[in-house]
Each structure stands twice: as C-alpha cells, then as structure tokens.
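Values reported hereafter were calculated over all heavy atoms of this structure, with side chains retained and with hydrogens, waters and symmetry mates removed.
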Amino acid sequence: MRFARLAAPLKFAPTQVAVLLVALYAIVFATVLQYDELSNVPENTHGLDLDRAYDTLAKITTRPHPYISHANDAVRRYILSRLEPLATRHGHVHLSDDMTSNVTFAIGGDRIIYFEGTNVLLKIDGTGSSSRDGVLFSCHYDSVSSAPGATDDGMGVATLLELAEYLSAPERRPRRTAVFFFNNGEEDYLNGAHAYFEHPWSNLTSVFINLEGAASGG
Ligand SMILES: *[C@@H]1O[C@H](CO)[C@@H](O)[C@H](O)[C@H]1NC(C)=O
Ligand SMILES: *[C@@H]1O[C@H](CO)[C@@H](O)[C@H](O)[C@H]1NC(C)=O
C-alpha cells in the first residue's frame, strides 16, 4: 500500500490534487507579491490634479453602480456636475447630456437589445481646420453589479474627468478636436458604444483611446 502511493505521488486523487493546487496558488501569490508593484506617482504631474482624481475615484466607487440602478444615476449626476462648469466657462467646450441616442441591435443572432441613451459627452473644439480628425477618449461609468468598479472603470472616469478639465483651459486647447465620452451600459452589451454612432459628434472623431479596466494591476 505504502509502496503504491510512493510509486505514483502525482496521481489524480484528492490529496495529491489538493497539495498541487495549494502549491500552485502559493507560487502565483508569491509572484504577484514580488512583481506586481504599482509605480510611484510621477514628481512632475504637469498641472494635473492627481489628488482630486483619487478623490473622484473614491466618490464614484462607494458601491456597485450597474446600468439601471440608482447608484448609476448618482455617478452620472456627479460626472455632469464636474463637466457643466467647463462648458459654462469656455466657449470652445460643449457638453452633451445625451438622453436621445437610442439604439436597437441584435446579438448572437437570437437576442435583440434596446438601449435608451444615457451617455455623457464633452467636446473641446480643436484649433485646427479639419473637423473630422478628432480624437475620442472613451470610458464607461457603469460597473458590474457585484463590485464597486474602481478599476473597471472608475479609474477611466476619474482620469478622463481630469484630462477634460486640463485640456479645456484656453492655453492648453488642442489642435485636434477632443471628444470625452462617458458611456453607460458597457457591462451589458457595450450599449453606450453602440449609441455613440447615433450621436452627431461621432462623425468628428477618427481615432480613439479607450480607458478600460485591465485587472487589479491597472
Ligand atoms: C429616445 O428615447 C427617449 C426616451 O423614450 C425619447 O425621449 C427620445 O426622443 C428618443 N430619441 C429619439 C431620437 O427618438
Ligand atoms: C455621419 O456621417 C454619415 C455620412 O455623411 C451619415 O450618413 C451619418 O448619418 C452621420 N451620423 C450622424 C450620427 O450624424
């Protein structure tokens, strides 16, 4: 009996599998502890307010805020409250509290999705002449229903709010038009992204940067 066990130390039996699994998790955990470090905040932030960005992240991630939840409405109101002053202050900055870009689309061949738009967009008119080479900066403000969504995608929202404020200043006005896109219902079927193409500003952008959660390391 004892010899048989020694002959097959890695056989597919409860004890062996448990020991292997625990060892495997220990290796993964140790590796993460050793190598998965967040880099330090750079000394020169070029005028970006990183403390406020962190504060924003705390404010919008107090609880899960999936699409069609009251918490989702609160996050949306917060985003608007940050963007409204920018559009009021600067003539070249425009806010779109988009409640009209609705979409209906099919997924997987047997399901139809209907989404009444609740995206928020901010446009900074570029100083250049072309109206169609704008840059789209995208993030989504809904979270999954089981987590507060700090990395997915609260950090994207906090980052774009700061960047929008930064680039709105007349002395930093970019050559190319910038559209900041805070979309909703991403965790469902990329609903907000579908609705973007119903918005007139979608024709102004030709490239995009999408800030989306990529696991806990950022
Ligand atoms: C989208 O739906 C909302 C809510 O029903 C409605 O007010 C709006 O007019 C719709 N948009 C269009 C373009 O029909
Ligand atoms: C974008 O431009 C195309 C081509 O001119 C047009 O068919 C489409 O309706 C426009 N989209 C929006 C949302 O205005």
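- Counting only heavy atoms from C-beta outward, the side chains of L86 and E165 approach each other to under 4.5 Å.
- Residues L211 and I79 are members of one and the same hydrophobic cluster, defined by side-chain heavy-atom contacts under 4.5 angstrom among Ile, Leu, Val, Met, Phe, Trp and Tyr.
- With hydrogens and angles ignored, the 3.5 Å screen pairs a side-chain donor or acceptor of H65 with a backbone N or O of R63.
- Using a 4.5 Å heavy-atom cutoff, the side chains of K123 and S96 are not in contact.
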Go through the steps for R132 and T205 under the test side-chain hydrogen bond (donor to acceptor under 3.5 Å, both in side chains), then give the verdict. CA-CA 6 Å; R132 300 178 79 91; T205 51; over 6 Å; no
Residues S143, Y67; criterion side-chain hydrogen bond (donor to acceptor under 3.5 Å, both in side chains); working and verdict: CA-CA 7 Å; S143 74; Y67 167 53; over 6 Å; no
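- Side-chain N or O atoms of D98 include none that pairs as donor or acceptor with a backbone N or O of G117 at under 3.5 Å.
- When all heavy atoms of A158 and A53 are compared, the closest pair comes out as CB-O, 3.6 Å.
- Of the inter-residue distances, the one linking N184 atom CG with N72 atom CG reads 4.0 Å to the nearest 0.5 angstrom.
- Cluster membership check: V75 does not share its hydrophobic cluster with V144, using side-chain heavy-atom separations under 4.5 Å among Ile, Leu, Val, Met, Phe, Trp and Tyr.
- Side-chain contact check for L121 versus N119: some heavy-atom pair is nearer than 4.5 Å.
- Hydrophobic clustering (side-chain heavy atoms under 4.5 Å, transitive across Ile, Leu, Val, Met, Phe, Trp, Tyr) keeps V93 apart from W201.
- Closest approach of D188 to N191, counting heavy atoms only: CB-ND2, 3.8 Å.
- The side-chain heavy atoms of T118 and M99, taken from C-beta on, include a pair separated by under 4.5 Å.
- When every heavy atom of P174 is checked against every heavy atom of I124, the shortest pair comes out as CD-CG2, 3.9 Å.
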Yes or no on side-chain contact (heavy atoms from CB on, under 4.5 Å) for T104 and F115, after CA distance, side-chain angles and deciding distance? CA-CA 6 Å; T104 304; F115 174 70; over 6 Å; no
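- The side-chain tip of R172 points at the ring of Y166 from less than 6.0 angstrom away and within 45° of straight on.
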Evaluate the criterion side-chain contact (heavy atoms from CB on, under 4.5 Å) for residue pair E186 and E212; output intermediate values, then yes/no. CA-CA 10 Å; E186 190 269 357; E212 164 65 325; 3.1 Å; yes
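- With rounding to the nearest 0.5 angstrom, the CG atom of L48 is 6.5 Å from the CG atom of L163.
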Listed pairs under 3.5 Å, donor-acceptor, residues 176-183 side chains, sequence neighbours left out:
residue : atom : partner : partner atom : Å
R176    : NE   : D133    : O            : 2.8
R176    : NH2  : D133    : O            : 3.1
T177    : OG1  : G126    : N            : 3.0
N183    : ND2  : S138    : OG           : 3.4
N183    : ND2  : C139    : O            : 2.9

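- In this structure, E84 CD and L122 CG are separated by 10.5 Å, a value rounded to the nearest 0.5 Å.
- Grouping the Ile, Leu, Val, Met, Phe, Trp and Tyr side chains by contacts below 4.5 angstrom, directly or via other members, places V17 apart from V19.
- Within the 4.5 Å cutoff, no side-chain heavy atoms of L80 are placed close to those of R77.
- Taking the six-membered ring for Trp and the full ring otherwise, Y189 and F105 have centroids separated by 6.0 Å or more.
- In this structure, CG on D55 lies 8.5 Å from CG on D51, to the nearest 0.5 angstrom.
- With 3.5 Å as the limit, one finds a donor-acceptor pair spanning the side chains of E116 and Y114.
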Test K59 against T56 for side-chain contact (heavy atoms from CB on, under 4.5 Å), laying out the working first. CA-CA 5 Å; K59 280 197 178 100; T56 300; 5.6 Å; no
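- When every heavy atom of P170 is checked against every heavy atom of H92, the shortest pair comes out as CA-CE1, 4.2 Å.
- A donor-acceptor pair under 3.5 Å links the side-chain atoms of D142 to the main chain of E187, judged by distance alone.
- Within the model, atoms NE2 of H140 and CG of D153 stand 4.0 Å from one another, a figure rounded to the nearest 0.5 Å.
- Counting only heavy atoms from C-beta outward, the side chains of R76 and Y141 approach each other to under 4.5 Å.
- The closest side-chain heavy-atom distance from L161 to Y78 is below 4.5 Å.
- Between T61 and G149, the closest heavy-atom pair is CG2-O, 3.8 Å.
- Around the CD atom of E43, the shell of radius 6.0 Å holds no more than 12 heavy atoms that belong to other residues, nucleotides or ligands.
- By the rule that hydrophobic residues join a cluster once side-chain heavy atoms approach within less than 4.5 Å of another member, L190 and I209 end up as members of separate clusters.
- Minimum interatomic distance between L57 and M155 (heavy atoms only, all atoms of both residues): CD1-N, 3.5 Å.
- Taken to the nearest 0.5 Å, the OG1 atom of T45 stands 10.0 Å off from the CD atom of E162.
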